[in-house]
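Read the numbers this way: they start at 1 and go in the same order the structure lists the ligands and their atoms.
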Amino acid sequence: MPLKVRNLLEQVGDELILKIQLGRRPLKCQKLLLKMANYLTDSKFADKQLELGYDEIYHTYLLITIENNHGFNVLQHITENAPKTTTGRTVLVLEKTMRIGLRYPIIPDEMIDLYDIPLTPNKPLALNQLISTALHAGKDFFIYDAGENNMCQTFVKHFIECNGLIPNIVDQATLDALEPMDAKALISTLGGRSKIVKGATDLAATYLWHIHRTYTFFIRIGIPGPSPTFFLGNLMELMERKRFTLSIKEWTKKYGRIFGYFEGHTPILVVSDPNILQDIFIKSFSNFHSHRPIAFDDPHMKSCHLFNAQSLRWKRQRFIINPTFSSAKLKQMSPLINRSVTALMKKLTEQYQSGQSFDIYAFLKRFTMDTIWSCGFGLDTDMQNNPNDRYLIQSQRVFSAEYLLMIAGYETTSTALAYVSYVLATHPDEQLKLQEDIDTYFNPDTDNEIPSYEMISKMDYLDMFIRETLRMYPIIPGVINRQSTKDFQIDNFGTIPAGTIVSIDMYTLHFDPDLWGPVDPNTFYPERFATKRHPLAWIPFGIGPRSCVGMRFALMEMKLVLARLLKTYSIIDCGEQTYRATDQLEEVTVISPKNIIIRLQHRDEKMV
Ligand code: HEM
């Protein structure tokens, strides 16, 4: 049943409410959207309630209920400080843009119904700062409601009707309100009834000042980008596409190598110029040492993990963890990984013997989980053979609490291995070339040689193969960002203020023909890594001192698996089933395929 303003008022009592139209289509991911909206508005409006809904009038709407502690003086402020050119319509546009902000019990019932009627705009408005912001904010609304009527007229007509006024006894000034006029004059014309207009515009105005400051952030520093919509910024566009990194790539194409967009009220500066990135992420690391804060995670808590830790806490944690991934330590860990590879090979052999196609990604996940537990926690686990392993069960619990940290070591590497499997299956010639190269490192007279840390460190072609896969299929491009602690000057652009979040567009860098030519970057071609490239052309593990601490571990783990797997088996595609794997990737921090369906073939088979 459509939720009407009248019902809402009964529910919320003496509080300000805003009902904002978000578009015609019902929204997906409502829970997530609400969580984000809550988070994004917390700094300004802690005492609020948000609700997403759908009704006949507003279609998809966002309802915000906020305790009214701002009073009316914001509107007064607008009218006193607005430029002379500000028209009465401006005030009404504000009201309309925000849709509704009523203060019970001042509002007569008739007015409540009036506010349920979508008002219609409108001729072009006399532009000034406020109007343009209002237009920005109400973009969707204007598209939806565009009609012949002048919104100002509609509003005032209704106002007169609802208040039982007869137009010919209304004073001239009120009649003048039917035409654009000075805002102050409109308010004073409406006299006692101005409370209604004030009430309706008060909350809108509060928001508007805040939004105006926020949403003009990039305009003020001369950086282009997509226009934000009220409250959600550009989140809707990001979410509609499902793959937000692809939206970022599209925006780079449209606005250039440096642009800005908004996640709610938060401006994000996106850079894909490798030289500017080098300045920010490496040369000015002392200013850009922290990741942007993660929602619902407090970076000042003692329990905060490395990824989210800031400044000195991060430095201390990183200092402690760095030696864990030294060459000496990796070498010590390699036998533990090899033990997990042996278990994986056993499972894969069973699959081979069954002759059936299967999802290799599922096996790879168990494998990387095994190695994390054995190398990271020194535990002897067997998750690959025993699905009831107590550590596997425990790890599923750990996930909910330390999701990000665990994801760092487990899902990333298994997903990277899944993409390599996909590439091997779909590029048989490349696979053969890699197998022949790997063969040269093994002793041809021994069957069961286990590759050592030293041996895989020498496998350059395997290294290039993995790098090329990660270039084309980066696993977590969305997590690389930094927040500045001081103002920062970007050559040819200007100064970005302290607190700005800088993010990257990894796809644009990874597929840039200037950085990766002459062979087309859309072609899988590991040999391109034999040529020296810009140091920031390849960044699947991040950039600078805060890049992935587990990179060398992940690469070693991948090489130990691939060397043994490819020495014995070839990965064979299962037609459509395999090729489909990368059609619709899912993106929730990690970009992953649903499955990688393949078949294994023993390499000896061909010789028989
Ligand atoms: C293919 C596998 C992996 C990929 C693609 C990957 C990628 C990344 C990326 C992009 C970052 C952010 C870097 C930045 O902001 O500049 C990161 C950070 C991190 N990664 Fe990885 N990672 C992988 C494997 C691992 C493994 C195996 C571990 C641990 C065993 C690990 C632990 C971490 C940690 C702790 C951080 C936070 C570092 C910090 O903030 O100082 N990652 N990773």
Does any N or O of ligand 1 fall below 3.5 Å from an N or O anywhere on T412, backbone included? no

Sequence neighbours excluded, every pair satisfying salt bridge (charged side-chain N to carboxylate O under 4.0 Å, His left out) that has a member inside residues 481-503: none

Contact check, Y410 vs ligand 1, heavy-atom distance below 4.0 Å: no

By the definition ring pair (Phe, Tyr, Trp, His ring centres under 6.0 Å), identify the one residue from F511, F529, F524, W538 that meets it with W516. F529

Can you name the atoms of ligand 1, numbered from 1 with element, that are less than 4.0 Å from a heavy atom of G542? 10 (C), 13 (C), 14 (C), 16 (O)

Parallel, tilted or perpendicular, judged at 30° and 60°: which one describes the rings of Y473 and Y422? perpendicular

Interfacing atoms of ligand 1 (cut-off 4.0 Å, heavy-atom, I543): 16 (O)

Taking atom CG of N492 as the centre, does the number of heavy atoms from other residues, nucleotides or ligands within less than 6.0 Å exceed 12? no

Which residue from P540, S290, C548 reaches closest to atom 10 (C) of ligand 1 through any of its heavy atoms? P540

Is there a heavy atom in F281 that sits closer than 4.0 Å to ligand 1? no

On the 0 to 90° scale, with breaks at 30° and 60°, tag the Y352-Y569 ring pair as parallel, tilted or perpendicular. tilted

Look at atom 7 (C) of ligand 1 and find which of I476, L555, V420 reaches it with the closest heavy atom. I476

Does an N or O anywhere in W314 fall below 3.5 Å from an N or O of ligand 1? yes

If we only count N/O pairs under 3.5 Å, is T413 in contact with ligand 1? no

Shortest non-hydrogen contact from R603 to K567? NH1-O, 3.3 Å

With K329, which residues qualify under side chain to side chain donor-acceptor pair (under 3.5 Å), at least two apart? none

Rounded to the nearest 0.5 Å, what separation is found between the OH atom of Y255 and the CD1 atom of I223? 14.0 Å

For ligand 1, the portion of Y419 having any non-hydrogen atom under 4.0 Å away: neither

Checking heavy-atom distances from atom 15 (O) of ligand 1 to each of M556, M551, H289, H291, the winner is H291

State if R482 counts as touching ligand 1 under the rule of any non-hydrogen atom under 4.0 Å. yes

Decide whether a cation-pi geometry holds between K365 and Y361; the criteria are a distance under 6.0 Å from NZ or CZ to the six-membered ring centre and an angle within 45° of the ring axis. yes

In terms of atom number and element, which parts of ligand 1 are under 4.0 angstrom from non-hydrogen atoms of F553? 27 (C)

V549 heavy atoms, cut-off 4.0 Å: which ligand 1 atoms fall inside? 32 (C), 33 (C), 34 (C), 35 (C)

